[in-house]
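Right, one structure below, let's go through it.
This structure is a prediction, so every number in the text was calculated from the model and none was measured. First listed ligand is number 1; within each ligand, the first listed atom is number 1.
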Amino acid sequence: MKTLTLTAPAKLNLFLHINGRRADGYHELETLFTMLEYGDELTFSLIKQDIVEIGGDVAGIPLQENLIYRAAEALRPHKKSPFGAHVQLVKKLPMGGGVGGGSSDAATTLLALNTLWQCDLSLDQLADIGLSLGADVPVFVRGKTALAQGVGEKLSPYTLAKKHYLVVFPNVHVGTVEVFTHPELPRNTPKLPEGWTIDQTHNDCQALVKKLYPEVEKTLSWLLKYAPSRMTGTGGCCFAEFDSAQAAQRVLEQLPSHWTGFVTQSASESIAHRQLAAWRKDEVK
Ligand SMILES: C[C@@](CO)(OP(=O)(O)O)[C@H](O)COP(=O)(O)OP(=O)(O)OC[C@H]1O[C@@H](n2ccc(N)nc2=O)[C@H](O)[C@@H]1O
Ligand SMILES: Nc1ncnc2c1ncn2[C@@H]1O[C@H](COP(=O)(O)OP(=O)(O)O)[C@@H](O)[C@H]1O
């Protein structure tokens with residue numbers, strides 16, 4: 001049976017502005033997403049039984065709630081293969097960390113099974129399905145650094161110089177819903193003007209999450225001693241930006257033991273997209 005292994009990349013929100021709350025309860029955002037060269041590892045195999053099963057690091061998430069399962073089931077109506085799928089998951093990204101682990105797993109599953117199940121949907125169609133799974137899924141489906149608006153699905157290509165990041169997880173699970181429904185969350189940052197620069201940006205969730213989760217505040221203060229640092233998304237992960245991997249690695253080596261961290265670099269295109277293109281090229285040989 002065909003087997004396909006893809007890395008579901010992490011993302012950072014290099015800034016996150018909340019412009020207002022919409023009638024449907026979601027928020028109008030303006031954010032800059034960058035993909036990272038680090039993420040979960042998903043291995044997809046076709047199986048004779050027409051079911052979807054997940055093995056490996058499911059971390060107590062019931063099958064039907066796992067975003068990998070939900071993504072596969074969302075594709076089922078388009079499936080042109082009689083086979084089911086087994087997905088083996090090696091979890092590298094912290095859950096609820098603000099680095100998009102679940103959303104990226106979902107998007108990577110859409111990309112993989114679109115091919116293995118011969119659905120042959122376009123990226124636009126996959127992104128639409130992705131949006132029904134979560135606001136962060138479309139950016140992983142398209143797999144490119146992007147300026148995002150809307151709830152996170154209106155994506156404009158954006159070019160960024162390669163940077164190296166130390167991403168630190170303070171081992172606190174920050175609920176996205178908790179942050180977005182909190183009365184103290186700022187929700188009125190105006191849209192950025194033409195020609196904006198990164199020093200005109202910030203993360204609107206950062207001050208609130210630092211207040212609610214002192215460990216996030218400590219992490220950010222620690223990182224800021226070494227490099228420009230921010231929280232990503234609704235947290236709790238924070239990232240410090242460096243011009244070299246060696247500089248980032250030196251700081252990682254001093255990381256207090258009660259936090260976890262990884263050093264990686266930005267990717268203009270998602271590693272999952274690159275791996276899938278290489279796999280498909282091998283398939284046609
Ligand atoms: C905040 C961001 C920033 O990139 O990422 P994370 O910090 O979660 O990684 C995303 O918008 C999260 O995307 P995602 O994690 O897919 O969120 P969803 O499952 O769609 O929504 C979870 C909840 O977050 C709130 N939500 C999410 C997105 C948005 N634009 N407005 C919202 O108000 C809603 O309360 C929603 O019920
Ligand atoms: N395969 C998965 N990996 C990670 N989280 C998952 C997965 N499936 C479902 N989830 C749920 O989705 C929630 C948020 O997912 P995620 O996109 O990782 O948010 P964040 O960007 O905040 O880390 C997690 O807290 C978890 O409960």
Side-chain angles (χ1 to χ4, degrees), residues 6 8-36 39-42 52 54-74 87-110 127 130-141 146-155 167 169-182 185-187 189 203-206 208-209 213 216 230-239:
L6 298 179
K11 59 86 180 168
L12 294 177
N13 301 83
L14 298 180
F15 69 83
L16 174 57
H17 292 172
I18 301 175
N19 309 122
R21 182 180 241 156
R22 302 166 13 143
D24 64 3
Y26 269 68
H27 289 78
E28 175 67 29
L29 304 181
E30 191 166 33
T31 184
L32 180 54
F33 281 111
T34 186
M35 301 286 122
L36 297 179
D40 294 345
E41 191 181 279
L42 285 74
V52 177
I54 304 175
D57 304 325
V58 290
I61 300 175
L63 179 66
Q64 277 79 4
E65 290 173 31
N66 197 309
L67 281 160
I68 293 170
Y69 181 85
R70 289 178 52 203
E73 290 305 316
V87 190
Q88 194 65 15
L89 170 63
V90 180
K91 205 78 201 143
K92 304 270 186 63
L93 300 178
M95 293 203 181
V99 291
S103 307
S104 190
D105 287 359
T108 303
T109 300
L110 293 175
L131 182 56
S132 69
L133 298 166
D136 259 2
V137 181
V139 69
F140 289 110
V141 167
L147 191 62
Q149 310 222 35
V151 296
E153 85 288 0
K154 295 187 180 116
L155 302 167
V167 181
F169 181 56
N171 292 320
V172 287
H173 184 300
V174 177
T176 302
V177 176
E178 177 195 11
V179 174
F180 273 116
T181 53
H182 197 285
L185 179 71
R187 296 176 166 87
T189 299
N203 181 333
D204 271 325
C205 306
Q206 185 167 299
L208 173 63
V209 174
Y213 296 90
V216 174
R230 285 181 175 176
M231 186 180 80
T232 174
T234 51
C237 287
C238 299
F239 61 91

Can you find a non-hydrogen atom of Gly150 under 4.0 Å from ligand 1?
no
Protein residue, atom and distance nearest to atom 19 (O) of ligand 1, heavy-atom basis:
Gly134 CA, 4.2 Å
Looking at Lys91 and Asp105, is there a salt bridge between them, counting it only when a charged N and a carboxylate O are closer than 4.0 Å?
yes
Judging by distance only, is a nitrogen or oxygen of Asp136 under 3.5 angstrom from one on ligand 2?
no
To check your reading of the model: name the closest protein heavy atom to atom 9 (O) of ligand 1, its residue, and the distance in Å.
Lys11 NZ, 3.0 Å
Any nitrogen or oxygen of Leu89, side chain or backbone, less than 3.5 Å from one on ligand 2?
no
Protein heavy-atom partner closest to atom 5 (O) of ligand 1 - residue, atom, separation in Å:
Asp136 OD2, 2.9 Å
Are any non-hydrogen protein atoms located under 4.0 Å from atom 14 (C) of ligand 2?
no
When you measure from atom 2 (C) of ligand 2 to each heavy atom in Thr234, Thr232, Asp105, Asp40, which option holds the nearest one?
Asp105
Check each atom of ligand 2 against the heavy atoms of Gly98 and keep those under 4.0 Å away; list them by number with element.
20 (P), 21 (O), 22 (O), 23 (O)
Would you mind checking which non-hydrogen protein atom is closest to atom 3 (N) of ligand 2, with the distance to 0.1 Å?
Lys91 NZ, 2.8 Å
What protein heavy atom is closest to atom 17 (O) of ligand 1, reported as residue, atom name and distance in Å?
Ala135 N, 4.1 Å
Protein heavy atom at shortest distance from atom 21 (O) of ligand 2:
Gly100 N, 2.7 Å
Shortest protein heavy-atom distance from atom 24 (C) of ligand 2, along with the residue and atom involved:
Gly96 N, 4.2 Å
Taking the six-membered ring where the residue is Trp, are the ring centres of His182 and Phe180 under 6.0 Å apart?
no
Identify the protein heavy atom lying closest to atom 35 (O) of ligand 1, giving its residue, its atom name and the separation to 0.1 Å.
Phe180 CB, 4.2 Å
Among protein heavy atoms, which lies nearest atom 29 (C) of ligand 1, and at what distance?
Tyr26 CD2, 3.4 Å
4.0 Å protein heavy-atom contact status of atom 9 (C) of ligand 2, strictly under:
yes
Under 4.0 Å from any heavy atom of Gly98, which atoms of ligand 1 are there?
7 (O), 9 (O)
Considering only non-hydrogen protein atoms, determine which one is nearest to atom 15 (O) of ligand 1 and report residue, atom name and distance to 0.1 Å.
Ser103 OG, 4.1 Å
Glu65 heavy atoms, cut-off 4.0 Å: which ligand 2 atoms fall inside?
9 (C)
Tell me whether ligand 1 is touched by Val177 - counting only heavy atoms on the residue side and a distance under 4.0 Å.
yes
Side chain, backbone, both or neither: which part of His173 has a heavy atom under 4.0 Å from ligand 2?
side chain
Name the closest protein heavy atom to atom 8 (O) of ligand 1, giving the residue it belongs to and the distance to 0.1 Å.
Thr176 OG1, 3.0 Å
Of the listed options (Gly102, Ala59, Gly235, Ala8), which comes nearest to atom 18 (O) of ligand 2 when hydrogens are ignored and any heavy atom counts?
Gly102
Measure Leu29 to ligand 1 on non-hydrogen atoms and call it side chain, backbone, both or neither using the 4.0 Å cut-off.
side chain
Side chain, backbone, both or neither: which part of Asn13 has a heavy atom under 4.0 Å from ligand 1?
side chain
Report the part of Val174 (side chain from C-beta onward, or backbone N, CA, C, O) that has a heavy atom under 4.0 Å from ligand 2; answer both or neither where that applies.
neither
Nearest protein heavy-atom contact for atom 23 (O) of ligand 2: which residue, which atom, what distance?
Gly97 N, 3.0 Å
Can you name the atoms of ligand 1, numbered from 1 with element, that are less than 4.0 Å from a heavy atom of Thr234?
1 (C), 6 (P), 7 (O), 8 (O)
Which residue supplies the protein heavy atom nearest to atom 12 (O) of ligand 2, what is that atom called, and how far is it?
Leu67 CD1, 3.8 Å
With a 4.0 Å cut-off on heavy atoms, is Thr31 in contact with ligand 1?
no
Nearest heavy atom to atom 30 (N) of ligand 1: which of Glu153, Glu178, His27 does it belong to?
His27
Please identify which atoms of ligand 1 are closer than 4.0 Å to at least one heavy atom of Phe33.
4 (O)
Give the atoms of ligand 2, by number and element, whose distance to some non-hydrogen atom of Ile61 is under 4.0 Å.
6 (C), 7 (C), 8 (N), 9 (C), 10 (N)
